[in-house]
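The next block holds one structure in the form of structure tokens; read it before the comments.
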Amino acid sequence: MHAENDPQLFEAGAGDGRARAEVDQFSGLPIADEILVGGQWCQGAGERLFVQDPADGTLLAAIHGADPDQVDRAVRAGGRAAADDRWHDLLPSDRAGLLRDIAHRIEDAAGTLARLQTANTGKTLTETGALVASAAGTFRYFAAVVETAEDQLTPRRGPYLTMSIHEPIGVVGAITPWNSPIASDAQKMAPALAAGNAVVLKPAEWTPLVSLVLGRLVTDTITDHGFPPGLLSVLPGSGAVVGEAVVCHPGVGKVSFTGGTETGRRIGAVAAEKVMPVSLELGGKSPTVVFADAEIDQAVAGVLFGIFSSTGQSCIAGSRLFVQVERYDEVLEAVVAGAQALRVGPGTAPGVHVGPLVSSAHRDRVAGYVEQARAEGGRICCGGHPPEAEELAGGAYYLPTVIDGLPATAGACQEEIFGPVLVVLPFVDEEDLVAQANGTVYGLAAGIWTADYRRAWWLARRLDAGTIWINTYKQFSISTPFGGMRASGLGREKGIDGLRAYQRQKSLYWDLAGETLPWALG
Ligand code: NAD
């Protein structure tokens, strides 16, 4: 869903009043109408964003986004900061110290950050608490990586010392989506700073608040350590104006993007024109596979968590379930019963499994996919509409929905819905499964549920997916590379590859023997 298509986001009709009272608990944090341009807080000169709580539609904040001149100022300030000797020549251990301090400050503000993210995205507090912890862990992990990452002495082929070294790129443009803002922001900011770059962050239109608060924590820490404040900018605004200005700016040496495949293609095209490195973490339509020999209770719990956690708004959502024919009816029945038992409600309420979607515009888009599936002959086994409870009427809720009876070519089986919608399909054997599971343009993740480890190993190597879970789903380690294949993206985040993605490589040949080259004159 492109936020630009949501009129409520940009127009005063969304409510031009004051932010609601509960949000004042965040005062002292930049819910004020300010953005971070080259280390300086100021009012944005671009379009106003009306940021809402999707649990009840109330206004959280109205902030002006950046304009192209502010993007230009941010990139120039970033360029100066990245070249500043205080930062450029810093020992990795000192850079690691900065990152560890940022991690501490995130942890100190964990409760506030989680509540703010729940208010802005609708996710449950359990989920946003985990995202905040993961953001802190990401900074700490990249502190360790930069302190231990080595350059190489390469084998000698002459009287030279030959080396391959890694250095910062300069200014990195980081563009993030709305579904897990603090974790996506940290996954770009931490390795990019660890590698010695400056960062210009463009958060998503619907969810700029937590990125601005993170920006405050990070930039305060940078300043306290005596480093140039221009190392970080946080520039909310539309993708079409602010995002494009960041990607196209000649001073931006790399873009790291997480978001939809369509946007990724556009950014990739600009990168090709600029001959600029780019990382693209894009969409998915990930299969989860249940074989007849699987431990069914465990598999069903994993399938439900894989699709319905985060209300299905997860790039790795297991949105296509393949069940071996022998146990199809049994598994479908258990999945439907499980989906119906999930508690839908505000992310702040205890015991809630499924919060609202990020906005009512996005909820309507999800509902449109379900209607299309119905029209294509799909059977809606559960859900298929918003909850009827009166107290949820003002929020962007949609019930966990399970659909079967669709052909694999149907829109709901091919396109990323990014909501709480699961399609269920039967398969006969491994060959049939591989053909069906690989039968979309995507290749982000997959889950395999089986008791046969040889089959799991065989299948894991045949599925087109950057991450495969076996008898589990949606579990992550910051030290394990993550990224997509095919239309799900290019490059890897996390792990040592996550640091290398923000460095450029240089080779040195160093004559230590005083050798005279053959063309020496005289
Ligand atoms: P989106 O592509 O609409 O927007 C993502 C970001 O890109 C936003 O900040 C947006 O403003 C910006 N943007 C839009 N057009 C731009 C342009 N022309 N130039 C530069 N920036 C531009 O995606 P979304 O709807 O915010 O997020 C949902 C998508 O993100 C889903 O497809 C989901 O699968 C994907 N996602 C992928 C991962 C992953 O790691 N693979 C993780 C989370 C989300």
Side-chain angles (χ1 to χ4, degrees), residues 1-6 9-10 46-47 49 65-66 68 71 120-121 123 131 134 173-188 200-208 211 234-249 252 255-271 274 276 278-286 310-319 357-359 361-362 365-366 415-419 440-445 465-467 474 476 481-494 498 501:
M1 170 80 195
H2 280 293
E4 272 121 79
N5 301 332
D6 180 2
L9 181 58
F10 292 100
E47 265 183 302
L49 302 167
V71 173
N120 200 176
T121 62
K123 288 190 169 208
L131 291 172
S134 130
I175 301 183
T176 51
W178 45 262
N179 59 325
S180 306
I182 198 168
S184 319
D185 297 349
Q187 257 168 50
K188 300 188 187 311
V200 175
L201 172 67
K202 208 301 277 174
E205 294 84 335
W206 277 317
T207 56
S211 306
V234 182
L235 306 178
S238 76
V241 176
V242 182
E244 280 277 331
V246 170
V247 175
C248 296
H249 198 292
V252 169
V255 167
S256 177
F257 170 75
T258 300
T261 295
E262 194 191 323
T263 314
R265 284 203 180 96
R266 162 74 193 144
I267 292 173
V270 176
K274 286 174 72 176
M276 169 180 74
V278 67
S279 299
L280 302 174
E281 297 285 355
L282 309 179
K285 190 75 192 172
S286 300
S310 301
T311 320
Q313 302 163 113
S314 163
C315 55
I316 40 134
S319 51
L357 288 135
V358 73
S359 69
H362 185 53
R365 176 179 176 272
V366 169
E415 290 169 43
E416 185 182 43
I417 297 177
F418 223 60
T440 73
V441 296
Y442 295 109
L444 194 56
T467 297
K474 229 179 167 185
F476 279 118
F482 176 78
M485 295 175 176
R486 303 162 76 198
S488 290
L490 290 176
R492 293 292 178 265
E493 293 194 311
K494 305 185 174 182

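Every number for a ligand or one of its atoms is a count from 1 in the order of the listing. Throughout, numbering of the chain's residues begins at 1 and tracks the sequence. This structure is a prediction, so every number in the text was calculated from the model and none was measured.
Ligand 1 has no N or O atom lying under 3.5 Å from any N or O atom of T258, backbone or side chain. Where the criterion is an N or O separation shorter than 3.5 Å, residue side chain and backbone included, G260 meets it with respect to ligand 1.
For the pair V242/P236, no side-chain contact is recorded, criterion being any heavy-atom separation below 4.5 Å from C-beta on. In this structure, L282 and Y442 have side chains that are not in contact, with every pair of non-hydrogen atoms separated by 4.5 Å or more. Residues K188 and L201 have side chains not in contact (no heavy-atom distance under 4.5 Å, counting atoms from C-beta outward).
To the nearest 0.5 Å, atom CD1 of residue I182 and atom CD of residue Q187 are 11.5 Å apart. Rounded to the nearest 0.5 Å, atoms CG (N120) and OG1 (T207) are 5.5 Å apart. Going from atom CG of L357 over to atom CG of N179 covers 11.5 Å, rounded to the nearest 0.5 Å. Considering CD of E281 and OG of S184, their distance stands at 9.5 Å, rounded to 0.5 Å.
In W206, neither the side chain nor the backbone holds a heavy atom less than 4.0 Å from any atom of ligand 1. By the criterion of a heavy-atom distance under 4.0 Å, the side chain of E416, and not its backbone, is placed next to ligand 1. Residue V242 does not touch ligand 1, judged by heavy-atom distances below 4.0 Å. Only backbone heavy atoms of P203 (N, CA, C or O) come within less than 4.0 Å of ligand 1; its side chain stays farther off. Here L282 has backbone heavy atoms under 4.0 Å from ligand 1, and that is the only part of it that gets that close. Using a 4.0 Å cut-off between heavy atoms, T176 contacts ligand 1 through its backbone alone, with no side-chain atom that close.
Among S180, A174, P208, C315, the residue whose heavy atom lies closest to atom 42 (C) of ligand 1 is C315. Between the choices E205, E244, R265, the shortest heavy-atom distance to atom 18 (N) of ligand 1 belongs to E244. Within the set A245, G259, P177, the minimum heavy-atom distance to atom 35 (C) of ligand 1 is found for G259.
Ring orientation note: the planes of H362 and W206 are tilted relative to one another, at an angle of 30° to 60°.
Between the side chains of K285 and T440, no donor N or O sits under 3.5 Å from an acceptor N or O. A donor-acceptor contact closer than 3.5 angstrom links the side chains of K123 and S180.
Less than 4.0 angstrom separates some heavy atom of I175 from each of these atoms of ligand 1: 6 (C), 7 (O), 9 (O), 12 (C), 20 (C), 21 (N). The distance from ligand 1 to the heavy atoms of K202 drops below 4.0 Å at these ligand atoms: 8 (C), 9 (O), 10 (C), 11 (O).
Residue contacts with ligand 1 include F257, since one or more of its heavy atoms lies under 4.0 Å from the ligand. Within the 4.0 Å heavy-atom cutoff, S314 does not count among the residues contacting ligand 1.
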